[in-house]
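The structure appears right after this line, and notes come after that.
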Amino acid sequence: MERTTHKKPLVSIRNLIKRFDDGHTAVDGISLDIYPKEFFALLGSSGSGKSTLLRMLAGFEQPTDGKILIDGVDMTHIPPYDRPVNMMFQSYALFPHMSIEQNIAFGLKQDKLPKDEIQKRTHSALKIIKMEHLAKRKPHQLSGGQRQRAALARCLAKRPKLILLDEPLSALDKNLRDQMKFELVDIQEQTGSTFIMVTHDQEEAMTMASRIGIMSDGWLEQVSPPEEVYEFPKSRFVANFIGKSAIFEASITRIGDDYSIIDSDETRCSFKVDRKLEGIEAQQIWVGLRPEKISISKEPPEAYNPKKPVNMLVGKVQDIAYMGGLSTYHVVTAAGKLIKATDFNIERNADHPTWDDTVYLSWEQESIMVLYS
Ligand code: ADP
Ligand code: MG
């Protein structure tokens, strides 16, 4: 993946607000930079304001306040058709009486491009979506996936700087969706254009995007590459939205350049991280642990100190969910908190814990998620 930090942003969104006439605020002060060649996903549950944000980028919706710059140009007074942006609509937006080729050429004709340029671009767009042999077909003679690709080709042929996709895969069945996921990424890489995709599907965002913006209630909760969203969520919302985790109330006991300490009554243990934390001592925060990052054992780990365990705790197995390749242990701590730990069933005769066993859970300091809200 390319590093984007030194480039000039293609899209700059500044304090963008959209309040509808009924008083509902759909976008509530978003600032965001998107860089050339990014595949950016806006991820959030239904109603979080994703489509409204996308429609403001396209120019179909006017911001109540704030600014959008594309390639350094303020879009405030620029109508949709004059923006270097193209939005991919669902398949029904194809003209039914025109062939796929004519559908792709249509926008270029409207732009009054020379005939040979139209031909060249139409051909190249058909080639990218691998549908040259279907150029003469009408939309109704195509499958759902092919129609989707044709809609994308029509969008690509105009060679916009920015392509916007609102839930592009939602109309497809699961198999086709899985296939199209990879095709969309391929096409984006091939054409070198910048994509902003809206989705409510975590897996889609995680597998397709180079960066994800997680939206909730018109806000961007976090903007990070997929690995970071999973490994280092900054809030309980993000930690719960992507993947599973146990979350504990805690407070910062020590902030140091070399290491920091967080204590949690709910676990009766300390969390030690090998870095300087943001925040102040005594600040209330939360810590999170992913089930697959927790080791479970019947014997106390070497460093176990019953008076003050650090990055480990003791509990009792309440339940075990056996799933073939792995088992998830439900462990209850002395303070009554449930923690799930998954263990891979690698050795067949290994002495695995069972119900009511006292067990020790431990984790690496890199696995501790520090959540500030
Ligand atoms: P998403 O795409 O994330 O599902 P939307 O951007 O479509 O969310 O909508 C965000 C919120 O704004 C929703 O609560 C929706 O009902 C509201 N909304 C969207 N469009 C309008 C409109 N034209 N008038 C009033 N409210 C709207
Ligand atoms: Mg939407």
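For ligands, and for the atoms within them, numbers begin at 1 and follow the listed sequence. Not measured: the values here are computed from a predicted model.
Of the N and O atoms on the side chains of Ser224 and Gln222, at least one donor lies less than 3.5 Å from an acceptor on the other residue. Between the side chains of Lys161 and Thr194, no donor-acceptor pair is found at a separation under 3.5 Å. Between the side chains of Glu221 and Ser235, at least one donor-acceptor pair of N or O atoms lies under 3.5 Å.
In this structure, atom 15 (C) of ligand 1 has its sub-4.0 angstrom surroundings free of protein heavy atoms.
Inclusion of Gly47 in the set of residues having an N or O under 3.5 Å from an N or O of ligand 1 is warranted.
When hydrogens are left out, the protein atom nearest atom 9 (O) of ligand 1 is Thr52 OG1, 3.8 Å; that is the closest non-hydrogen contact. Considering only non-hydrogen protein atoms, atom 7 (O) of ligand 1 sits nearest to Ser51 CB, 3.7 Å. Of the protein's non-hydrogen atoms, Phe20 CD1, 3.3 Å is the one closest to atom 26 (N) of ligand 1. The closest protein non-hydrogen atom to atom 8 (O) of ligand 1 is Gly49 N, 3.3 Å.
The nearest N, O or S atom of Ser46 is not closer to the Mg ion (ligand 2) than 2.8 Å.
Numbered from 1 in the order shown, with element, the atoms of ligand 1 that lie under 4.0 Å from a heavy atom of Asp22 read 25 (C). When each atom of ligand 1 is checked for a heavy atom of Ala26 under 4.0 Å away, the hits are 10 (C), 11 (C), 12 (O).
Partners of Thr267 according to the side chain to side chain donor-acceptor pair (under 3.5 Å) rule, which considers only residues two or more places apart in sequence or in another chain, are Ser264.
Here the CD1 atom belonging to Ile128 is positioned 12.5 Å from the CD atom belonging to Glu183, to the nearest 0.5 angstrom.
No side-chain heavy atom of Thr253 sits under 4.5 Å from any side-chain heavy atom of Glu281.
When heavy-atom distances to ligand 1 are checked against a 4.0 Å cut-off, His24 comes that close only through its side chain, counted from C-beta outward.
For an aromatic pair to be called close, the ring centres must be under 6.0 Å apart, and Phe95 with Phe106 satisfies this.
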